[in-house]
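Working notes, structure below.
Letters A, B, ... are given to chains in the order of the sequence lines, protein chains preceding strands, and every chain is numbered from 1.
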Protein chains: 2
Amino acid sequence: MKHPNKHDLLVLLTEFENACRKADLKVTHQRLEIFRELAQAHDHPSAEMLYNRIIKRLPTISLDTVYRTLATLEKHGLITRVQTLESQARFEAEMIRHHHAVCRKCGAITDFSWNTFDEVQVPAELSGWGRITKRNAILEGICNDCVKGN
Amino acid sequence: MKHPNKHDLLVLLTEFENACRKADLKVTHQRLEIFRELAQAHDHPSAEMLYNRIIKRLPTISLDTVYRTLATLEKHGLITRVQTLESQARFEAEMIRHHHAVCRKCGAITDFSWNTFDEVQVPAELSGWGRITKRNAILEGICNDCVKGN
DNA sequence: TCATAAGTAGTAATAATTATTATTTACAGA
DNA sequence: TCTGTAAATAATAATTATTACTACTTATGA
């Protein structure tokens, strides 16, 4: 996943505004800034990381608002909460189907696409489980930086 | 994954004791009970859930010991911390390669095996990422109980 | 059996997240 | 454009999950 460029970001923000209106969510300055920051980020930030970045431009925003907004946006499917092994929750705005490689040393999360996995059939064992809405692969290991760093 | 029967459990516990000695971990009553409870469980319990179950048999155990022990056993690869979307960490003792289906309504985690996934080649995009040590599939959806429950 | 280092219980502290409440804001309708 | 109102926010307090500290206890090897 790459950073969105200036044009893409504008498109994303416009789409975001429309999605908010559709979901009966007021388009507040705070929500826009939080979404913008998350859409620009490439490191799956936590609520606290986002707060520390946003407060530079929006000095009165509260950490609570960041938490609340992330929860709201997640509920409406506008952002995603990323599964981690850490206690802090992390988020992403990338909605295109993708998967994660997680470094268990530094915690970095890298996005990648994996078509062959996307197309593998779910095992018969699960046919009676329920309704599956999403599938994700998580690869764990040590990223190059951490391998070298040793 | 099925419950281990009485015989399997004994084998597991013996293996556990050996693994502890190998790792220079003292074989304490508490560690045995925590591992036993986790090995018998089929619901990927949290530290608190385990504590509530164990305290019935071992009334003096502390929650801190459960947390500390789980962290120790995880560090030595004797148990696994399961990735979830919740804030509470959850654990499992199952060491055979398997994957998880998670109900996003009730949070239940179901184990399943998926050989075709295990054998799919990792995408070229990731060849420079680092050293991959583990791969997991996570399916998300609504389990049958929750579908019916509506 | 005994020494000792590791482990535990009990308690206190910290980190992450959520709730409460008074104030402010977005936005639909006049 | 102005205004009323429900929704959202900021500030603060409270909870929840986890970890740290300390004095006591126990597993293990000599």
Side-chain angles (χ1 to χ4, degrees), chain A residues 13-14 16-37 44-52 54-76 78-79 81-91 107, chain B residues 13-14 16-37 44-52 54-76 78-79 81-91 107:
Chain A
L13 284 173
T14 309
F16 175 70
E17 287 194 34
N18 292 339
C20 280
R21 285 188 233 279
K22 209 188 233 166
D24 270 316
L25 295 177
K26 292 189 173 170
V27 179
T28 66
H29 195 38
Q30 290 89 338
R31 280 177 179 164
L32 278 170
E33 286 304 317
I34 291 168
F35 183 82
R36 182 214 305 283
E37 196 66 52
H44 310 78
S46 66
E48 205 182 356
M49 288 159 79
L50 283 172
Y51 172 72
N52 288 327
I54 293 166
I55 204 169
K56 288 169 190 162
R57 278 177 288 126
L58 210 67
T60 65
I61 200 168
S62 73
L63 179 57
D64 171 77
T65 297
V66 177
Y67 271 106
R68 209 165 5 78
T69 301
L70 290 171
T72 304
L73 299 185
E74 188 205 1
K75 197 167 67 190
H76 288 87
L78 299 172
I79 64 171
R81 185 181 297 259
V82 177
Q83 297 214 350
T84 64
L85 294 167
E86 301 153 27
S87 55
Q88 257 194 332
R90 292 172 67 172
F91 298 86
Chain B
L13 284 172
T14 309
F16 174 72
E17 287 194 33
N18 293 337
C20 281
R21 285 188 233 280
K22 211 189 231 166
D24 270 317
L25 296 176
K26 290 189 175 171
V27 179
T28 66
H29 196 36
Q30 291 88 338
R31 282 176 177 165
L32 278 170
E33 286 303 316
I34 291 168
F35 182 83
R36 182 215 305 279
E37 195 66 50
H44 309 78
S46 66
E48 206 182 356
M49 287 159 79
L50 282 172
Y51 172 72
N52 288 327
I54 294 165
I55 204 171
K56 288 170 191 163
R57 277 179 288 125
L58 211 67
T60 65
I61 202 168
S62 72
L63 180 57
D64 172 77
T65 297
V66 177
Y67 271 105
R68 208 163 8 76
T69 301
L70 290 171
T72 305
L73 299 186
E74 188 204 2
K75 196 167 67 189
H76 289 86
L78 299 172
I79 64 171
R81 185 181 298 257
V82 176
Q83 297 213 350
T84 64
L85 294 168
E86 301 153 27
S87 55
Q88 256 194 335
R90 294 172 66 174
F91 299 85

### Message
Would the distance check show the side chain of Arg90(A) and the main-chain N or O of His44(A) forming a donor-acceptor pair, the cut-off being under 3.5 Å?
### Response
yes

### Query
Between Arg68(A) and Ser87(B), who's closer to the 5' end of DNA chain D by nearest nucleotide?
Arg68(A)

### Query
In whole angstrom, what separates Leu70(B)'s CG from dT8(C)'s C1'?
15 Å

#### Entry: Terminal contacting nucleotides, 5' and 3', DNA chain D versus chain B (heavy atom, 4.0 Å)
dA17(D) to dT28(D)

### Bend angle of the helix from dT1(C)-dA30(D) to dA30(C)-dT1(D), end axes from five pairs each (to 10°)
40°

## Note on the structure
Rounded to the nearest 0.5 angstrom, the CZ-CD distance for Arg31(A) and Glu17(A) is 12.5 Å

### Message
So does Leu13(A) get a backbone contact from the side chain of Arg36(A), meaning a donor-acceptor N/O pair under 3.5 Å?
### Response
no

### Message
Treating Arg81(B) as the side-chain partner and Ala89(B) as the backbone partner, does any N or O pair qualify as donor plus acceptor under 3.5 Å?
### Response
no

### Message
Quick one, Thr69(B) and Thr28(B) - any side-chain contact, counting heavy atoms below 4.5 Å?
### Response
no

### Task
On DNA chain D, check which nucleotide each of Ile61(A) and Arg81(B) is closest to and give me the residue with the more 5' one.
Ile61(A)

### Task
Provide the closest heavy-atom pair for Ser46(A) versus Gln88(A) in the form atom of the first, atom of the second, distance.
OG-OE1, 3.6 Å

### Query
Can you name the nearest heavy-atom pair linking Ala47(A) to Val66(A), along with the distance?
O-CG1, 3.5 Å

### Query
Is there side-chain contact between Ile61(A) and Ile34(A), with heavy atoms separated by less than 4.5 Å?
yes

#### Entry: Straight-line distance of His29(A) NE2 to Leu58(A) CG, nearest 0.5 Å
4.5 Å

### Message
Categorize Ala71(B) for me: base, sugar-phosphate, or nothing, with a 4.0 angstrom heavy-atom threshold over every strand shown.
### Response
nothing

### B/S/- contact track for nucleotides 23-30 of chain C, protein heavy atom under 4.0 Å
---BS---

### Task
With the side chain counted from C-beta on, respond yes when Glu48(B) and Asn52(B) share a heavy-atom pair under 4.5 Å apart, and no when they do not.
yes

